[in-house]
Number of protein chains: 2
Amino acid sequence: MTDKKEKILQAALKLFAEEGFRPTSTSKIAKKACVSEGLIFRHFGNKDGLLEAIIKEGEEQAKILFADIVLETEPKEVIRKFFELTSKFVNTKDREDFWKLQYKIKWEMEIYGEHKMEPLQLALTNAFKKLGYEKPELEAKLLLINMDGLATRFYLQKNFDVTELVEFMHNKYEL
Amino acid sequence: MTDKKEKILQAALKLFAEEGFRPTSTSKIAKKACVSEGLIFRHFGNKDGLLEAIIKEGEEQAKILFADIVLETEPKEVIRKFFELTSKFVNTKDREDFWKLQYKIKWEMEIYGEHKMEPLQLALTNAFKKLGYEKPELEAKLLLINMDGLATRFYLQKNFDVTELVEFMHNKYEL
DNA sequence: TATATTTGTAAGTGATTACTCACTGAATTA
DNA sequence: TAATTCAGTGAGTAATCACTTACAAATATA
């Protein structure tokens with residue numbers, strides 16, 4: 001990975017997250033990355049290839065984040081860590097662009113990517129089962145849906161307090 | 001409102017909901033509406049004007065839908081009607097394009113439009129207060145967030161069963 | 001050191017973009 | 001009836017789009 005290739009990825013991630021995929025022109029990316037426009041096509045083939053590279057890199061990071069939850073065996077800890085993740089993934093400036101891009105792309109391309117969340121959903125289902133909940137699968141689904149709703153608000157509504165609501169949600173489960 | 005102006009609005013609503021605002025060209029809209037491209041600019045000034053007209057028309061319809069809930073005084077009925085709306089607004093083929101556009105536009109333009117939901121949130125807060133809930137405002141916020149999460153799934157994840165989850169959510173409140 | 005490969009650039013390409021302009025024909029108004 | 005407004009068209013516009021190509025410089029390999 002050369003220096004300029006890395007710069008292109010960073011610039012594209014930021015611009016895609018800000019403006020969306022199709023509305024962001026390759027010339028704008030090149031300018032922001034301080035490289036010639038042609039270099040983008042040398043390294044990534046076409047615009048779609050650039051997006052793919054960004055998403056692929058992000059998925060690696062997501063897997064690492066999820067691993068901590070999926071490998072946990074204590075059910076109450078699984079749920080606690082899930083809420084911890086929810087408020088963290090949304091609050092760390094570092095990865096903000098990446099997560100925002102995930103949702104933006106979802107709506108622009110109209111694909112949900114269920115498989116990414118599957119291990120998380122399974123871990124939660126199992127945790128609720130151990131805790132004796134009547135419908136553990138639906139409980140898990142509901143939590144993930146809450147996460148989508150929170151993300152929607154966090155990224156689109158300024159001055160939205162996530163922490164307050166995550167805490168409130170967490171307290172609804174007697175743990 | 002002439003016949004052709006109406007056709008432009010309908011075609012634009014459909015295309016914006018399908019492809020997004022910026023990726024939909026005015027020439028494509030004109031073709032779908034079977035009018036000359038110039039007519040779009042005659043009636044709406046520019047592309048943004050066309051979007052504004054669509055959103056404005058939709059807001060009127062939303063107000064009517066919300067009115068039934070906001071005017072209800074019986075707290076349990078307020079919540080029941082809210083869940084009824086949630087599964088309905090998401091399932092009626094008729095208005096599907098409009099609601100889908102609402103979310104697409106939110107992510108494309110990064111504006112949430114909190115004011116639209118305010119009367120609904122107030123009605124829910126009041127209902128939870130009457131029912132003796134400890135934190136009625138947060139309960140109301142949570143319900144609206146659930147709605148956003150459900151919409152995300154419904155429009156982006158094929159084969160997603162809304163009704164099942166709405167019922168499950170509803171049953172969580174002892175009514 | 002000589003040769004090949006990779007990394008990078010500048011200047012293009014045709015297609016498409018939002019939008020304008022000069023012009024009709026029909027309906028309204030004076 | 002004469003003048004004016006309105007709805008609608010089709011052929012333009014400059015700018016921008018994703019992408020290509022020819023070529024130079026740097027780097028790796030022999």
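Proteins get letters first, then strands, A, B, ... in listed order; numbering begins at 1 in each.
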Asp3(B) CG to dT9(D) P, in whole Å, measures 11 Å
To the nearest 0.5 Å, how far apart are CG in Leu144(B) and CZ in Phe82(B)? 5.0 Å
Would you mind telling me which residue lines up with the more 5' stretch of DNA chain D, Phe21(A) or Gly38(B), judged by nearest nucleotide? Gly38(B)
Over how many whole Å does the gap from Arg22(B) atom CZ to dT17(C) atom P extend? 15 Å
Using the ring centroid of each side chain, check whether Phe16(A) and Phe21(A) are separated by less than 6.0 Å. yes
From the list dC19(C), dT9(D), dA18(D), which nucleotide is the closest neighbour of the side chain of Val35(B)? dT9(D)
Which nucleotide wins on minimum distance to the side chain of Leu39(A), given the candidates dT7(C), dT20(D), dA7(D)? dT7(C)
Lys28(A) atom NZ is separated from dA15(D) atom P, nearest whole Å, by 18 Å
Ile40(B) CD1 to dT17(C) P: how many Å, rounded? 12 Å
Length of the NZ-P vector between Lys31(B) and dT9(D), whole Å: 15 Å
Nearest-Å distance for atom pair NE2/C1', residues His43(A) and dT7(C): 6 Å
At under 4.0 Å, does any side-chain N or O of Ser25(A) touch on OP1 or OP2 of dC17(D)? yes
Nearest to the side chain of Asn46(A), which nucleotide is it out of dC19(D), dG10(D), dT9(C)? dC19(D)
Looking at the side chain of Arg42(B), which of dT9(D), dT9(C), dG8(D) is the nearest nucleotide? dG8(D)
Quick one: is Lys4(B) getting a side-chain N or O under 4.0 Å of the dG8(D) phosphate, OP1 or OP2? no
Does any non-hydrogen side-chain atom of Lys14(B) lie less than 4.5 Å from one of Glu18(B)? yes
Nearest whole Å is fine: how far is dT20(C) P from Phe44(B) CZ? 16 Å
Taking the side chain as every heavy atom from C-beta outward, state whether Lys130(A) and Lys76(A) have any atom pair closer than 4.5 Å. no
Figure out the CG/P separation between Leu50(B) and dA18(C), and round it to whole Å. 11 Å
Side-chain N,O (Thr26(A)) to OP1/OP2 (dA18(D)) below 4.0 Å: yes
Hey, is the side chain of Ser27(B) poking within less than 4.0 Å of OP1 or OP2 on dT16(C), counting only N and O atoms? no
If each of Thr24(B) and Lys5(A) is mapped to the nucleotide of DNA chain C with the nearest heavy atom, which maps nearer the 5' terminus, i.e. the 5' end? Lys5(A)
Distance flag, aromatic centroids of Phe128(B) and Tyr173(B), threshold under 6.0 Å: yes
